Number of protein chains: 2
Amino acid sequence: MDRDAEVFQSLAEPTRLRLLNILRQAGEVCVCELVDALQLPQYNVSRHLHVLAQAGLLEDRRCGKWIYYRIAKDLKPYQRAVLRALDELREEREDFQQDEARASRRLKLRRDGACCLGLGGLRRLLKIREDGKAEEVQKSKS
Amino acid sequence: MDRDAEVFQSLAEPTRLRLLNILRQAGEVCVCELVDALQLPQYNVSRHLHVLAQAGLLEDRRCGKWIYYRIAKDLKPYQRAVLRALDELREEREDFQQDEARASRRLKLRRDGACCLGLGGLRRLLKIREDGKAEEVQKSKS
DNA sequence: ATTTCATATGCATAATAGCGCATATGAGTG
DNA sequence: CACTCATATGCGCTATTATGCATATGAAAT
């Protein structure tokens, strides 16, 4: 496979599009925050981030126990153009905007001390449960 | 898989990127012309065109025995944006430009009567052989 | 040093994708 | 009708990919 085709390949997966969308909107985000925003297993998120990084679209920065991911700085022009296209995709994707809302609520907790709290306590704080009550909470908050 | 992720999936293959590039530069092109430009087996080109059409990026028009493919007219904004990114990719890909050169030479033959001549006679006309003499001819023509 | 926390990864499995070959389809031609 | 031509497609094969589970790594905290 082409190096360039690999870039498109990395975009050819729903979860990875969601990740890129959040990272484009929110800047530098660490894995556990992405896990909460997307509500997917950690190994799943981690693997997808790895694919995007391999393709050259993301870079990561270690900071203590946490690893922050962000859109790579040295993208080729065509890569920038492709990612810019995600802005237009975002317009028609409500689920992307819901992701952003969850990510945004999650990122606000950074103020409260450490970046990444324990998942248990944090989820309680966020009222995000695994049983899909996240939407319920979202409604009551908006 | 997402409908949108399917679009990126359709771009995640070198041959399909080459096809899109030619179609973007040359407009409406029929399958046998693409086969000559890319110098790949017909079933291969045909399948890849099908994938791109399924993703909604291409549409086809039958005209007698020939089938013309072109970039779809009713693309979504983000799809247009993604395809526009191919212009920037084209800048750094000499092989894309060679494809265009072959396609362009091939399309000039449309004047000589039918769109699609028999492959044998046509290749003789183009001096494109399977043994890789195409470059040789290209040099002598430029 | 042991434990905890955040993240990554090896492995097995299931699903998917591309390729080459042969052949089907469908439209003109003699 | 038989034939040719342009294109599409079914099949078997191999290669790649995503997923879930368990576990490894690596850094801080106790």
Side-chain angles (χ1 to χ4, degrees), chain A residues 1-2 5-6 8-19 29-38 40-55 58-69 106 109-110 113-123 130, chain B residues 1-2 5-6 8-19 28-55 58-69 106 109-110 113-123 130:
Chain A
M1 170 107 67
D2 227 50
E6 187 188 348
F8 289 105
Q9 175 72 3
S10 79
L11 298 169
E13 213 278 343
T15 303
R16 294 200 285 263
L17 289 179
R18 295 173 69 195
L19 283 168
V29 185
C30 90
V31 182
C32 63
E33 291 168 330
L34 291 166
V35 166
D36 286 341
L38 268 58
L40 289 174
Q42 174 268 325
Y43 57 77
N44 195 326
V45 172
S46 201
R47 279 244 168 72
H48 284 306
L49 287 169
H50 179 75
V51 173
L52 290 166
Q54 274 297 109
L58 299 185
E59 39 190 39
D60 58 295
R61 183 175 66 89
R62 176 149 221 147
C63 174
K65 297 198 257 199
W66 311 299
I67 299 186
Y68 294 90
Y69 280 85
R106 178 63 176 83
L109 296 175
R110 281 184 180 172
C115 154
C116 293
L117 316 171
L119 279 190
L122 182 55
R123 290 222 169 91
E130 295 74 14
Chain B
M1 169 110 66
D2 228 47
E6 187 189 347
F8 289 104
Q9 175 72 5
S10 78
L11 298 169
E13 212 277 343
T15 303
R16 294 201 285 264
L17 289 179
R18 295 173 69 194
L19 283 168
E28 210 177 39
V29 185
C30 89
V31 181
C32 63
E33 292 168 329
L34 292 166
V35 167
D36 286 341
L38 268 59
Q39 303 186 114
L40 289 173
Q42 174 269 324
Y43 57 79
N44 196 324
V45 172
S46 200
R47 278 243 168 73
H48 285 306
L49 287 169
H50 180 75
V51 172
L52 290 166
Q54 274 297 109
L58 297 186
E59 38 191 39
D60 57 295
R61 182 176 66 90
R62 174 148 222 147
C63 175
K65 298 197 256 199
W66 311 298
I67 299 185
Y68 293 91
Y69 281 86
R106 178 62 176 84
L109 296 176
R110 281 183 179 172
C115 154
C116 293
L117 315 171
L119 280 189
L122 182 55
R123 289 220 169 94
E130 296 72 17

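Numbered from 1 within each chain, the chains take letters A, B, ... in sequence-line order. None of these values were measured; they are calculated from a predicted model.
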Nucleotide [N], atom [atom2] - distance to [atom1] of [X] in whole Å:
| X | N | atom1 | atom2 | value |
| --- | --- | --- | --- | --- |
| B:His50 | D:dT7 | NE2 | C1' | 13 Å |
| A:Leu19 | C:dT7 | CG | P | 13 Å |
| A:Phe8 | C:dA17 | CZ | P | 18 Å |
| A:Leu58 | C:dT7 | CG | P | 14 Å |
| B:Leu40 | D:dA8 | CG | P | 15 Å |
| A:Leu52 | C:dA8 | CG | P | 12 Å |
| B:Glu33 | D:dA6 | CD | P | 11 Å |
| A:Ile67 | C:dT9 | CD1 | C1' | 12 Å |

Does B:Leu52 reach the side chain of B:Tyr69, with side-chain heavy atoms less than 4.5 Å apart? no
Could you work out, with side-chain hydrogen bond (donor to acceptor under 3.5 Å, both in side chains) as the rule, every residue matching [X], not counting sequence neighbours?
| X | answer |
| --- | --- |
| A:Arg61 | A:Glu28 |
| B:Glu6 | B:Arg3 |
| B:Asp60 | none |
| B:Glu59 | B:Arg70 |

Please name all residues satisfying salt bridge (charged side-chain N to carboxylate O under 4.0 Å, His left out) with B:Arg18, sequence neighbours left out, ordered by chain then number. B:Asp99
Tell me whether the side-chain N/O atoms of B:Tyr69 come closer than 4.0 Å to OP1 or OP2 in D:dA6. no
Reading nucleotides 16-26 of chain D from 5' to 3' and marking B where a protein heavy atom lies under 4.0 Å of the base, S where only the sugar-phosphate is that close, and - otherwise, the string is -SSBBBB----
